[in-house]
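Here is the structure we will look at.
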Amino acid sequence: MHRARVAIFISGTGTNMAALLYASLRDDSAYEVVLVASNVATAPGLAIAEGEGIATFVHSHKGVSRADHDAAMERALVDAKAEYLVLAGYMRILSDGFVRRWEGRILNIHPSLLPRYKGLDTHARAIAAGDSHGGASVHIVTPELDAGEVLAQARVAIRSDETPESLAERVKFAEHQLYPRAVSNYVSRGYDAEYLYARVRELALALPETHARDSHGSPGFRVGTEKSGKFFAHFNNQHHGEEHIAVLVKTGGMDELLDLVEAQPEIYFKPAYYGASGWVGLILNRPGVDWEHVDEWLQRSWRSVAPARLTRLIGAAEMF
Ligand code: GRF
């Protein structure tokens with residue numbers, strides 16, 4: 001099993017980092033922790049990580065610009081060959097450029113039931129509002145603070161005698177259960193055939209006049225009418241003993257197919273049967289799949305078999 005390489009950024013006690021780290025030591029963990037980095041040299045979490053033999057990195061933010069500080073932290077990530085960045089009480093806002101470069105690969109845990117109470121003092125605000133529950137949310141980090149897609153939440157009942165401190169303490173227990181599982185699910189979804197199929201399906205069916213249709217026991221996508229439509233994509237889940245989960249799309253022919261496979265064997269392969277007629281396999285169960293690239297291929301493949309009345313339509317739309 002591929003174990004995703006995860007780096008964790010902390011600023012404080014690091015109890016979530018510890019929960020993530022100890023969960024990762026199980027044999028069945030989908031991720032391993034390759035780096036724990038902090039902007040605070042005295043962050044107690046660093047000592048925990050060091051004690052477990054995990055690489056650590058410290059770069060104080062004091063007296064340096066955000067850009068320089070972020071650049072140093074990012075270098076540490078790259079040096080550690082991290083595939084994902086998990087924020088666990090990291091009290092710095094990452095610059096937009098950093099977040100964009102790592103888009104879809106940064107997760108955070110926030111101590112509220114998002115979208116309620118972004119920002120600080122979440123527990124006090126939940127109590128003051130008379131909410132029945134507080135809690136925590138794991139979300140994807142986007143340039144806008146605490147606003148990315150929520151992946152998982154844990155709810156914690158608010159008692160009548162609650163203080164922000166007492167609520168914070170129980171929310172932490174819930175966080176420690178929630179975060180490792182959410183990270184595990186997130187990093188493994190790129191290897192999960194059901195998730196990959198759902199993404200391909202969404203892109204394929206977004207193209208004009210398309211429908212799903214099985215072919216030789218595998219799902220595929222056609223353009224045109226139900227009766228006379230033509231296939232422009234096939235989804236392969238480790239078909240014919242292949243190790244890949246892939247989408248097959250049409251190239252311009254055998255020369256192009258072989259060139260692609262030779263130049264980028266980590267992305268392309270020549271599939272059984274379909275390969276003979278110029279279909280190339282785009283490997284999806286690998287780190288860092290560029291879904292825009294997948295979309296471009298689907299569009300191109302669609303265009304190569306779509307009836308002229310449809311391609312003309314698209315051509316016209318693109319001129320504006
Ligand atoms: C947690 O409450 C988390 O929700 C927030 O920061 C806190 C980190 O605590 N983002 P710890 O350092 O993991 O103990």
Side-chain angles (χ1 to χ4, degrees), residues 6-25 29 31 33 35-52 54 56-61 70 73 84-94 98-99 102 105-128 131 133-158 162-186:
V6 163
I8 305 177
F9 282 6
I10 60 170
S11 298
T13 47
T15 64
N16 276 287
M17 182 282 301
L20 287 159
L21 171 56
Y22 289 116
S24 78
L25 301 181
S29 171
Y31 66 91
V33 178
L35 174 75
V36 172
S38 181
N39 59 319
V40 180
T42 53
L46 286 170
I48 300 176
E50 269 161 23
E52 296 296 340
I54 306 294
T56 58
F57 175 80
V58 179
H59 194 82
S60 171
H61 61 278
D70 276 6
M73 297 296 279
Y84 295 90
L85 169 59
V86 171
L87 307 179
Y90 184 60
M91 300 307 285
R92 303 270 306 159
I93 292 174
L94 296 169
F98 188 139
V99 173
W102 288 77
R105 294 187 292 154
I106 313 179
L107 301 186
N108 182 38
I109 190 159
H110 180 75
S112 79
L113 295 172
L114 289 171
R116 293 174 85 85
Y117 316 126
K118 296 173 181 172
L120 298 174
D121 300 325
T122 53
H123 304 307
R125 287 153 72 198
I127 295 168
D131 292 355
H133 288 78
S137 308
V138 175
H139 65 95
I140 299 179
V141 173
T142 55
E144 196 188 333
L145 187 68
D146 301 332
E149 182 194 342
V150 172
L151 300 171
Q153 290 186 316
R155 286 159 59 83
V156 174
I158 296 181
E162 204 77 80
T163 62
E165 293 71 32
S166 65
L167 180 56
E169 193 184 337
R170 291 201 316 292
V171 168
K172 282 259 185 115
F173 290 138
E175 289 185 350
H176 299 163
Q177 300 299 316
L178 179 73
Y179 211 4
R181 178 152 321 177
V183 170
S184 236
N185 287 346
Y186 189 70

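No experiment lies behind these values; they were computed from the predicted model shown. Each ligand, and each atom within it, is numbered from 1 in the order the structure gives. Starting from 1, each residue takes its place in the sequence as its number.
With respect to atom 6 (O) of ligand 1, the closest heavy atom belonging to the protein is Gly89 CA, 3.4 Å. At the top of the distance list for atom 10 (N) of ligand 1, counting protein heavy atoms only, stands Ile109 O, 2.8 Å. The single protein non-hydrogen atom nearest to atom 12 (O) of ligand 1 is Gly14 N, 2.8 Å, given as residue, atom name and distance. Among all non-hydrogen protein atoms, the one lying nearest atom 1 (C) of ligand 1 is Glu175 OE1, 3.2 Å. Ranking the protein heavy atoms by distance from atom 14 (O) of ligand 1 puts Thr15 OG1, 2.5 Å first. Scanning all protein heavy atoms for the shortest distance to atom 13 (O) of ligand 1 gives Asn16 N, 2.8 Å.
Tested against Val36 for a side-chain contact (heavy atoms from CB on, under 4.5 Å), the candidates Ile48, Val6, Ile10 yield a single pass: Ile10. Considering Ile140, Val138, Thr142 in turn, Ile140 is the only one that fulfils the side-chain contact (heavy atoms from CB on, under 4.5 Å) rule with Glu149.
Residues Tyr179 and Val86 have side chains in contact (heavy-atom distance under 4.5 Å, counting atoms from C-beta outward). A heavy-atom distance below 4.5 Å is found between the side chains of Leu87 and Leu94. Annotation: side chain of Ile127 is in contact with side chain of Pro164 (closest heavy-atom distance under 4.5 Å).
Polar contact check, Gly12 against ligand 1: no nitrogen or oxygen pair lies under 3.5 Å apart. Considering backbone and side-chain atoms together, Thr13 places an N or O closer than 3.5 Å to an N or O of ligand 1.
Taking every heavy atom of Lys172 and a limit of under 4.0 angstrom, the matching atoms of ligand 1 come to 1 (C), 2 (O), 9 (O), 11 (P), 14 (O).
A side-chain donor from one of His176 and Thr15 sits under 3.5 Å from a side-chain acceptor of the other.
In terms of modelled atom types and a separation under 3.5 Å, the side chain of Ser184 and the main chain of Arg181 share no donor-acceptor contact.
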